[in-house]
Amino acid sequence: MSDEKEQKVEINAEILKEVFKIANMTPPKDITDESLLDAVFKLKQGDNDIMPEQTFNPTSNNILVIDDIGVVTYQLKILLRNLGYNVQVAKDIFSGLNTFIKSNYAFVVMDLFVSTEQEGLTLLNETKKIITKNNLNTKIIVITADNKTENRMKCLNGGADLFLKKETGWQDKLIEMIENFRPEII
């Protein structure tokens, strides 16, 4: 039996705004105590679709790279920046989705095994949902060192625009894919 007493915490919009800041998330605009509390209750019930619709306008120079291997993210960051792209890096499914939601990207380059195949497919699925819901032109390019041919079809059927195996010269092929899909600068 525990001697700990249950403590009640008074939560309001200001406190919840601070929680958003601590989590490096931007709180929704025009929030009220009720709307934030409603979001908390939805999260408690497992409803992750709590964020209000956002307007995304991907620019042709923004790329998000999601890979859990530091050498790959570092290499792609340097390579793509040298070509004039603005590059953000995420190393897992949660930071990848959080980063994607916060900014506008023309491309998401993601490893299939972030850190497992199942997590990679989940990341692909969730990213595609956001793209579809917000009517974005963001292109998803899945990269992998895996040799299973069925993964290509899983990814393309799951919403990837392109699939690329990490084999000799894959970085050059990736650049070519991006350049071929690159939207015109407005």
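Atom set for the values below is all heavy atoms of this structure, side chains included, hydrogens, waters and symmetry mates excluded.
Atom CD of Glu176 has 12 or fewer neighbouring heavy atoms from other residues, nucleotides or ligands inside a 6.0 Å radius.
Using a 4.5 Å heavy-atom threshold, the side chains of Met110 and Ile140 count as touching. Side-chain contact check for Val65 versus Gln88: every heavy-atom pair is 4.5 Å or farther apart. You'll find the side chain of Leu79 reaches within 4.5 Å of the side chain of Gln171, heavy atoms only. Looking only at side-chain heavy atoms (C-beta outward), Leu76 and Leu174 come within less than 4.5 Å of each other.
No chain of hydrophobic side-chain contacts below 4.5 Å, direct or via other Ile, Leu, Val, Met, Phe, Trp or Tyr residues, connects Leu123 to Met153. Following chains of ILVMFWY side-chain contacts shorter than 4.5 Å, one can reach Trp170 starting from Ile63, so the two form part of one hydrophobic cluster. No single ILVMFWY cluster, assembled from side-chain heavy atoms under 4.5 Å apart, contains both Val109 and Ile78. A continuous path of hydrophobic side-chain contacts links Phe94 to Ile130 [ILVMFWY only; heavy atoms under 4.5 Å].
Distance check, rounded to the nearest 0.5 Å: CD of Glu167 to CD1 of Ile143 gives 12.5 Å. From Leu64, atom CG reaches atom OG1 of Thr138 across 9.5 Å, with rounding to the nearest 0.5 Å. Taking CG of Asp68 as the reference point, atom OG1 of Thr73 lies at 9.0 Å (rounded to 0.5 Å). Atoms NZ and CD1, on Lys91 and Ile69 in that order, are 10.0 Å from each other to the nearest 0.5 Å. Atom CD of Glu126 and atom CD1 of Ile131 lie 11.5 Å apart (nearest 0.5 Å). Distance NZ/Lys129 to CG/Asn134: 13.5 Å, rounded to 0.5 Å.
Defined by atom type and a distance below 3.5 Å, a donor-acceptor pair is missing between the side-chain atoms of Asn86 and Asn61. Donor-acceptor pairing under 3.5 Å is lacking for the side chains of Asn62 and Asn104. Residues Asn125 and Thr122 bring no donor and acceptor atom of their side chains to less than 3.5 Å of each other.
Of the possible polar contacts, one joining the Asp146 side chain to the Lys148 backbone as a donor-acceptor pair under 3.5 Å is found.
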Inset, instruction - Take Val72 and Lys166, measure what side-chain contact (heavy atoms from CB on, under 4.5 Å) needs, and give me the verdict at the end. - result: CA-CA 10 Å; Val72 172; Lys166 291 180 190 173; 4.0 Å; yes
Inset, instruction - Kindly determine whether Leu162 and Lys139 satisfy side-chain contact (heavy atoms from CB on, under 4.5 Å), including the steps that lead there. - result: CA-CA 8 Å; Leu162 297 164; Lys139 302 298 180 199; over 6 Å; no
Inset, instruction - Applying side-chain contact (heavy atoms from CB on, under 4.5 Å), run through Leu80 and Ile175 and close with a yes or a no. - result: CA-CA 8 Å; Leu80 293 168; Ile175 297 302; 3.4 Å; yes
Inset, instruction - Go through the steps to decide whether Ile141 and Ile178 satisfy the test side-chain contact (heavy atoms from CB on, under 4.5 Å), and finish with yes or no. - result: CA-CA 9 Å; Ile141 302 172; Ile178 290 171; 3.8 Å; yes
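Between Phe107 and Tyr85, the ring planes are perpendicular. Angles over 60° get that label, and only those under 30° would be called parallel.
Pairing each heavy atom of Thr99 with each of Tyr105, the nearest pair is CG2-OH, 3.3 Å. Nearest heavy-atom pair across Cys155 and Leu124 is O-CD2, 3.5 Å. Counting all heavy atoms, side chain and backbone alike, Asp92 lies closest to Val114 at CA-CG1, 3.6 Å. Considering all non-hydrogen atoms of both residues, Ile93 and Glu119 come closest at CD1-O, 3.5 Å. Taking all atoms of both residues into account, the shortest heavy-atom contact from Asp111 to Asp67 is CB-OD2, 3.4 Å.
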